[in-house]
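Reckoned from all heavy atoms, side chains included, excluding hydrogens, waters and symmetry mates. As the structure is a computational prediction, the values presented were derived from the model and not from experiment.
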Amino acid sequence: MEATPPPSEPRKRGRPKGSTKAKADKDKDSGGVGGGGGASSKMRGSGGEKRNTATDESYAHWKQLVPVLYDWLASHNLVWPSLSCRWGPVLERGTYKNKQRLYLSEQTDHTQPNTLIIANCEVVKPRVAAENHIANFNEDARSPYVKKYKTILHPGEVNRIRELPQNKNIVATHTDCPEVLIWDVEAQPNRHALLGAADSRPDLVLTGHQDNAEFALAMCPAEPFVLSGGKDKSVVLWSIQDHVSTLAADTTQSAESASSIVKAADNSTVGPRGVFEGHTDTVEDVQFCPSSSQQFCSVGDDSCLILWDARTGNSPVVKVEKAHDADLHCVDWNSHDENYILTGSADHTVCMFDRRNITSNGVGLPVHKFEGHKAAVLCVQWSPDKRTVFGSSAEDGLLNIWDYEKVGQKEETGPKSPSTPAGLFFQHAGHRDKVVDFHWNAYDPWTIVSVSDDGEFSGGGGTLQLWRMTDLLYRPKEEVLAELQKFKDHVIECSKTC
């Protein structure tokens with residue numbers, strides 16, 4: 001028997017669950033991600049009284065600036081909300097663009113199955129896209145750059161997706177159950193999302209939580225280890241080292257866990273390496289130390305940041321009791337400088353901690369508190385390209401790009417606006433509702449995929465955007481000034497010949 005989570009069970013505090021409402025005008029015979037084979041979705045403005053005038057005005061202003069601020073941008077309308085988006089492996093490298101995998105989901109209202117979507121994306125290379133092409137996108141249509149490749153019928157809605165660094169064709173997902181599900185996306189059959197169809201069966205099921213684990217999920221960059229946190233207030237660690245090369249080997253799928261909503265293949269259940277206790281409320285996010293499968297951190301609704309070391313036992317190594325003034329939603333560990341850890345909170349702020357300055361009694365103020373959001377922060381992530389740069393997204397619909405190196409610096413070109421938060425150097429305002437997830441592209445520095453759940457103001461669905469800011473904003477100032485001077489000289493020379 002398949003069990004479903006009790007409907008009365010409270011949702012995770014501070015974190016949005018998708019609207020589970022589709023765009024009204026979806027075309028079911030779709031070849032692209034998000035439905036519709038070219039027919040446009042219901043216009044967002046048709047929400048009537050739900051429309052947010054201030055948001056619309058801000059969006060219109062942002063759209064006018066797109067040709068100036070961006071090197072490339074593609075906007076893709078989703079029929080169903082997606083709570084997660086992740087880059088996969090590069091499939092082809094071309095002269096002007098690369099083909100790359102993208103993982104996202106469809107969170108439905110149970111009139112259709114919930115799905116894990118594997119898409120193929122065309123990522124335009126830097127300094128290739130024409131200015132007029134960047135500006136002339138339709139936010140209510142599906143992008144030709146995003147094509148659905150495979151559909152997996154997921155047992156329950158997909159709350160979080162994480163790819164395995166050692167093999168990006170292997171992904172882990174969280175849904176509303178205690179288990180973590182592992183999928184070999186190449187081995188999984190392509191399915192049609194038909195009501196009543198049997199769920200796809202994961203290649204591995206990781207057990208160990210005693211209550212639902214919905215969001216906190218991480219894959220280790222150093223070794224094939226998986227980390228999770230849940231409502232049972234625990235952090236659970238697994239090794240899938242012995243299973244990675246043989247995930248698709250077993251084709252007989254008949255075993256079923258009586259306490260789970262998932263069906264697994266024979267002999268495909270993996271128990272934990274360790275269960276770590278220290279939080280007093282739901283664990284909202286976890287992250288590995290980039291160079292170790294035994295060191296990791298976690299944050300939760302108890303406002304705590306905890307550092308762990310599996311080699312020394314199952315108790316916290318360091319516990320910051322009051323890392324923020326509200327629930328903590330997200331955490332990330334700097335891969336370039338492992339002393340720095342980011343946390344994001346319902347108090348609208350991002351804090352950067354230096355683990356060298358945190359003592360065993362939990363004393364230690366953040367190196368800096370970044371204040372630039374007007375609502376709960378949902379996701380933080382360090383740039384894979386530059387050690388001082390990171391992004392944060394929030395329920396205010398903004399994705400901010402920060403550089404902590406710029407905090408306290410005086411701009412030689414003149415003072416910034418007094419309202420500009422310290423360290424903020426770019427703000428992506430292309431979403432009109434809460435930005436639930438984003439991911440830097442490790443293969444294409446400064447290229448980001450972001451997704452918003454647009455249910456509140458537009459009657460359902462979501463927006464997926466692939467974008468890259470102009471390199472004039474992040475390259476060394478001397479290079480930029482030299483290039484602009486060269487362009488200026490060229491314009492002057494051309495004007496003399498006219």
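- In terms of modelled atom types and a separation under 3.5 Å, the side chain of Lys147 and the main chain of Ala119 share no donor-acceptor contact.
- Checking side-chain atoms of Lys125 against main-chain N and O of Asp444 turns up no donor-acceptor pair under 3.5 Å.
- Side chains of Thr343 and His324: a donor on one and an acceptor on the other come within 3.5 Å.
- At a cut-off of 3.5 Å, with distance as the only test, a side-chain donor of Asp403 or Thr388 sits close to an acceptor on the other residue.
- Looking only at atom types and distance, the side chain of Ser303 has no donor-acceptor partner in the side chain of Glu321 under 3.5 Å away.
- At a cut-off of 3.5 Å, with distance as the only test, no side-chain donor of His431 or Tyr59 sits close to an acceptor on the other residue.
- Between the side chains of Thr447 and Arg468, at least one donor N or O sits under 3.5 Å from an acceptor N or O.
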Go through the steps for Lys231 and Asp281 under the test salt bridge (Lys or Arg N to Asp or Glu O under 4.0 Å), then give the verdict. CA-CA 7 Å; Lys231 289 184 176 181; Asp281 208 333; over 6 Å; no
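- Checked by atom type, the side-chain pair Gln381/Asp332 shows no donor-acceptor distance below 3.5 Å.
- Under the 30°/60° scheme for interplanar angles, the aromatic rings of Phe426 and Trp467 are found to lie parallel.
- In this model, no donor atom of one side chain and acceptor atom of the other lie less than 3.5 Å apart for Ser383 and Asp385.
- Neither side chain, Trp382 nor Ser335, offers a donor N or O lying under 3.5 Å from an acceptor on the other.
- Panel note: side chain Gln100, backbone Gly88; a donor-acceptor pair is recorded below 3.5 Å.
- In this structure, a donor-acceptor pair under 3.5 Å is present between the side chains of Gln427 and Asn400.
- Ser84 and Asp437 share a side-chain donor-acceptor pair at under 3.5 Å.
- A cation-pi arrangement is absent between Lys97 and Tyr145 under the rule of less than 6.0 angstrom and at most 45 degrees off the ring axis.
- No hydrogens or angles considered: a donor-acceptor pair under 3.5 Å links the side chains of Gln465 and Ser75.
- From Leu217, atom CG reaches atom OG1 of Thr173 across 8.0 Å, with rounding to the nearest 0.5 Å.
- Counted by atom type alone, His154 and Asn114 present zero donor-acceptor pairs between their side chains at under 3.5 Å.
- Remark: Arg355 fails to qualify as a cation-pi partner of Tyr340 under the 6.0 Å distance and 45° angle criteria applied to the six-membered ring.
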Given the rule in the ring pair (Phe, Tyr, Trp, His ring centres under 6.0 Å) test, do Tyr443 and Trp87 qualify, once you have shown the distances and angles that lead to the verdict? CA-CA 9 Å; Tyr443 300 103; Trp87 293 108; 9.1 Å; no
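- For Asn159 and Asp176, the side-chain atoms include at least one donor-acceptor pair closer than 3.5 Å.
- Checked by atom type and distance alone, the side chain of His329 pairs as donor or acceptor with a backbone atom of Val377 at under 3.5 Å.
- Side-chain atoms of Tyr404 and Arg387 form a donor-acceptor pair, as typed in the model, at a separation below 3.5 Å.
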Kindly indicate, with the supporting measurements, whether the criterion ring pair (Phe, Tyr, Trp, His ring centres under 6.0 Å) is fulfilled by Phe370 and His368. CA-CA 6 Å; Phe370 298 87; His368 189 76; 4.6 Å; yes
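- His76 and Thr463 share no donor-acceptor pair across their side chains, judged by distance under 3.5 Å alone.
- Here the closest heavy-atom approach between residue Thr108 and residue Trp80 is recorded as CA-CE3, 3.5 Å.
- Side-chain atoms of Ser234 and His279 form no donor-acceptor pair, as typed in the model, at a separation below 3.5 Å.
- At distances below 3.5 Å, not a single donor-acceptor pair connects side-chain atoms of Gln107 with backbone N or O atoms of Val158.
- When each of Tyr70, Trp72, Tyr474 is tested with Trp446 by the rule ring pair (Phe, Tyr, Trp, His ring centres under 6.0 Å), just one qualifies, namely Tyr474.
- Side-chain contact, Thr151 with Thr115: no donor N or O sits under 3.5 Å from an acceptor N or O.
- Between the side chain of Asn98 and the main chain of Gly94, a donor-acceptor pair closer than 3.5 Å is present.
- No side-chain donor from either of Asn169 and Glu163 sits under 3.5 Å from a side-chain acceptor of the other.
- The backbone N or O of Asp454 sits nowhere less than 3.5 Å from a side-chain atom of Ser452 that would complete a donor-acceptor pair.
- Remark: side-chain polar atoms of Asn339 are not paired, donor with acceptor, to backbone N or O of Asp354 under 3.5 angstrom.
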